[in-house]
Amino acid sequence: MEIVGNDDKNIHALTSDSRKVCEGTLFVAVPGVSVDGHGFIPMAIEKGATAIVCQQLPSELSTHVTYIVVPSTPHALGYLASQWWDNPSRKLKLVGVTGTNGKTTTATLIYEMARLLGHKAGLLSTVCNYVDDKAYPTDHTTPDPITLNEMLHLMVESGCEYAAMEVSSHAADQQRIAGLHFEGGIFTNLTRDHLDYHKTFDAYLAAKKKFFDMLPRQAFALTNADDKVGEIMLQNTLARRLTYSLWSEADFRGRIIESRLDGTLLSLNGNEVELLFTGKFNAYNLTAVYGTCILLGWDKEDVLREMSRLVPVAGRFQAFHSPKGYTAIVDYAHTPDAVVNVLNAIREVIGKDGEIITVVGAGGNRDKGKRPIMAREAAARSQRLILTSDNPRFEEPEDILRDMEEGLDNEARSRTLNIADRRQAIKTAATLASKGSVILIAGKGHEDYQEIKGVKHHFDDREIVCEIIASEKP
């Protein structure tokens, strides 16, 4: 570290956003994906910044500004944000959850379990952030370091003892979690996702692994022993290594005894518990939750009793029953593996002869390589497939559907409809369904918007399903 200028200054604000700079601000210049914060140093100084944290000095220096040169400004920002908010993560038992699928459900259920067991707790997730029972809207899976530490500080101020948070690959790669102290970390699984950002699967894996590499010795690291990279995740961690599994020997062993569309009878380390969740993927999530509860020191009997009261997270395998006799399931599945998991869970319950109608799309301006894979996997597990729009963003929906259709052979295409209007696609699925059918509406889950040409329009799969069902007659 190098300091250029007077280091005896009062700092009144901390930010990495030049638009938020005011008099007495410490501005941290962070290189971004599309823009570099170093280019905004002159603007920050003009708006009153008195200290700048940067990776290289500007060509022109201001005499009344102090410059602090560090090897990594993202890393420095994490530690500065923690210090600014009085290191809140050290005053909580913070558990991080990472992986491709299952992060939201696992983190949310840990938060719910803490509260069911009488503890105040906080949650940082894709769906919503919570400080005890107060909800705060969220824009990112893992917020920027300043927002993140501010939320953790609010939890401490509200008397929270525990916190659970999703740790995205972007957050780990961009060091948004630098400076945080974790009680433990959980790995769910790893499949193809976010390759528009990471470029390669190995880089995606390495980003996830960074989270476990940073865990302290006194923390626990709980990994999915059935995932092919579960062991790799913990190769270099200092934390105590533990495993959970449905198929092999592990510290925490789950086993599905009975599965239905409205629930599962699950054995957890030999203890049977009735749960309001369906599918193997949820059995993994719940086994990880059980293991985490035990590792946090909660009584086993209390944990098993309260787990039976847990309910599915909004937009995660959320079932709606029609008077016509079909069931519609809304799920956030937006990767090939997630689509496979949900469809396999449905098939396990309704049997090989039951009809599944799948409505699915793919997001615009994201990894194009997964589009044909998603369509192929959905077609292989459904009697009828409807390809539709998701969040097209700045792409044309029809172009996305054509990309998806590339994954289909002639037989699969004969069972597939392309309906770009998502509302109409859902309505068509309901029209095609008969008694006993299951409609899977995948991709958006909890989202209540559709992003088109940079504008978010209100759109909620669950609302549309409820409107359709309300208009039907048995």
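Counting from 1, the numbers follow the sequence of the chain as shown.
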Checklist entry - Is there a donor in the side chain of Asn391 and an acceptor in the side chain of Glu447, or the other way round, less than 3.5 Å apart? => result yes
Item to check | For Leu215 against Gly185, the heavy-atom pair lying closest together | outcome: CD1-N, 4.1 Å
Item to check | Non-hydrogen atoms of Gly96 and Val167 that approach each other most closely | outcome: CA-CG2, 4.0 Å
Next on the checklist: Any carboxylate oxygen within less than 4.0 angstrom of a Lys/Arg side-chain nitrogen, looking at Arg347 and Glu355?
Outcome noted: no
Checklist entry - Does Leu123 reach the side chain of Asn129, with side-chain heavy atoms less than 4.5 Å apart? => result no
Checklist entry - Between the side chains of Arg316 and Thr104, does any donor sit under 3.5 Å from an acceptor? => result yes
Next on the checklist: Checking Tyr332 against His446 for the ring-ring contact (aromatic ring centres under 6.0 Å, His included) test, could you report, in this order, the C-alpha distance in whole Å, the side-chain angles of both residues, the deciding distance, and whether it holds?
Outcome noted: CA-CA 7 Å; Tyr332 188 53; His446 66 282; 4.9 Å; yes
Item to check | Main-chain N/O of Ile419 paired with Thr388 side-chain donor or acceptor, under 3.5 Å | outcome: yes
Item to check | Spacing of CZ belonging to Arg255 relative to OG1 belonging to Thr287, to within rounding of 0.5 Å | outcome: 11.5 Å
Next on the checklist: If you apply the rule salt bridge (charged side-chain N to carboxylate O under 4.0 Å, His left out), what do you find for Glu306 with Arg309, and how did you get there?
Outcome noted: CA-CA 5 Å; Glu306 298 303 335; Arg309 296 176 58 193; 2.8 Å; yes
Item to check | Distance-only polar pair, side chains of Gln55 and Thr73, donor-acceptor under 3.5 Å | outcome: yes
Next on the checklist: Please check this pair: side chain of Thr223 against backbone of Ala225, looking for a donor-acceptor N/O pair closer than 3.5 Å.
Outcome noted: no
Next on the checklist: Distance to the ring centre below 6.0 angstrom and angle to the axis at most 45 degrees; does that hold for Lys93 and Tyr162?
Outcome noted: no
Next on the checklist: Just so I know, are the side chains of Ile232 and Leu205 near enough to count as touching, which here means a heavy-atom distance under 4.5 Å?
Outcome noted: yes
Next on the checklist: Any non-hydrogen side-chain atom of Leu116 less than 4.5 Å from a side-chain atom of Leu310?
Outcome noted: yes
Checklist entry - Between the side chain of Asn224 and the main-chain N/O of Phe187, is any donor-acceptor distance below 3.5 Å? => result no
Item to check | Exercise: do Asp337 and Asn101 side chains pair donor with acceptor under 3.5 Å | outcome: yes
Checklist entry - Between Pro74 and Pro31, is any pair of side-chain heavy atoms under 4.5 Å apart? => result yes
Checklist entry - Got a donor-acceptor contact below 3.5 angstrom from the Gln383 side chain to the Ile356 backbone? => result yes
Checklist entry - Within a strict 4.5 Å, meaning less than it, do heavy atoms of the Phe281 and Val342 side chains meet? => result yes
Checklist entry - Counting only N and O atoms by type, is there a donor-acceptor contact under 3.5 Å from the side chain of Thr237 to the main-chain atoms of Met233? => result no
Checklist entry - Is there a donor in the side chain of Tyr244 and an acceptor in the side chain of Asp226, or the other way round, less than 3.5 Å apart? => result no
Next on the checklist: Distance check, rounded to the nearest 0.5 Å: Glu451 atom CD versus Lys444 atom NZ?
Outcome noted: 9.0 Å
Checklist entry - Hey, mind stepping through Asp132 and Arg115 against salt bridge (charged side-chain N to carboxylate O under 4.0 Å, His left out) and telling me if it holds? => result CA-CA 8 Å; Asp132 199 22; Arg115 300 189 72 240; 3.3 Å; yes
Checklist entry - Is any side-chain N of the basic residue among Arg413 and Asp409 closer than 4.0 Å to the acidic one's carboxylate O? => result no
Checklist entry - Between Tyr111 and Tyr130, does the ring centroid distance fall short of 6.0 Å? => result yes
Next on the checklist: Could you check whether any side-chain N or O of Ser16 sits under 3.5 Å from a backbone N or O of Ala29, counting only pairs where one atom can act as donor and the other as acceptor?
Outcome noted: no
Next on the checklist: With no hydrogens and no angle check, just 3.5 Å: does a side-chain donor-acceptor pair link Thr105 and Thr108?
Outcome noted: no
Next on the checklist: Donor-acceptor check, side chain of Lys370 to backbone of His334, threshold 3.5 angstrom: yes or no?
Outcome noted: yes
Checklist entry - So, do Val273 and Leu268 sit near enough that their side-chain heavy atoms are less than 4.5 Å apart? => result yes
Item to check | Verdict with supporting geometry, Glu406 and Arg402, salt bridge (charged side-chain N to carboxylate O under 4.0 Å, His left out) | outcome: CA-CA 6 Å; Glu406 287 296 314; Arg402 276 192 289 271; over 6 Å; no
Checklist outcome for this item: Correct closest heavy-atom pair for Thr278 and Arg260 would be OG1-O, 2.6 Å
Next on the checklist: Using salt bridge (charged side-chain N to carboxylate O under 4.0 Å, His left out), reason through Arg381 and Glu348 one step at a time and then give a plain yes or no.
Outcome noted: CA-CA 11 Å; Arg381 292 163 176 80; Glu348 287 166 11; over 6 Å; no
Item to check | Donor-acceptor contact present, side-chain Ser89 to main-chain Leu180, <3.5 Å | outcome: no
Checklist entry - Given Glu274 and Ser308, is the side-chain hydrogen bond (donor to acceptor under 3.5 Å, both in side chains) satisfied, shown in steps? => result CA-CA 6 Å; Glu274 186 70 52; Ser308 65; over 6 Å; no
Item to check | Test: Arg423 and Glu463 ion pair at under 4.0 Å | outcome: no
Next on the checklist: Strictly distance-based, threshold 3.5 Å: is any side-chain N or O of Arg376 a donor or acceptor partner for the main-chain N or O of Leu408?
Outcome noted: no
Item to check | Heavy-atom closest pair, residues Leu275 and Met307 | outcome: CD2-O, 3.2 Å
Item to check | Test item: Ser18 side-chain N/O and Ala44 main-chain N/O as donor-acceptor pair under 3.5 Å | outcome: no
Next on the checklist: Classify the ring geometry of Phe182 against Phe211: parallel below 30°, tilted from 30° to 60°, perpendicular beyond 60°.
Outcome noted: perpendicular
Item to check | Atom NZ of Lys453 with >12 non-hydrogen neighbours under 6.0 angstrom | outcome: yes
Checklist outcome for this item: Shortest non-hydrogen pair, Thr126 vs Glu166, comes out as N-OE2, 2.7 Å
Checklist entry - Are side-chain N/O atoms of Gln175 and Ser72 paired as donor and acceptor at under 3.5 Å? => result yes
Next on the checklist: Under 4.0 Å between a side-chain nitrogen and a carboxylate oxygen: does that hold for Arg422 and Asp461?
Outcome noted: yes
Next on the checklist: Can you confirm whether His458 sits close enough to Asp448 that some side-chain heavy atom of one is under 4.5 Å from a side-chain heavy atom of the other?
Outcome noted: yes
Checklist entry - Are Tyr326 and Ser434 side-chain neighbours, meaning at least one heavy-atom pair lies under 4.5 Å? => result no
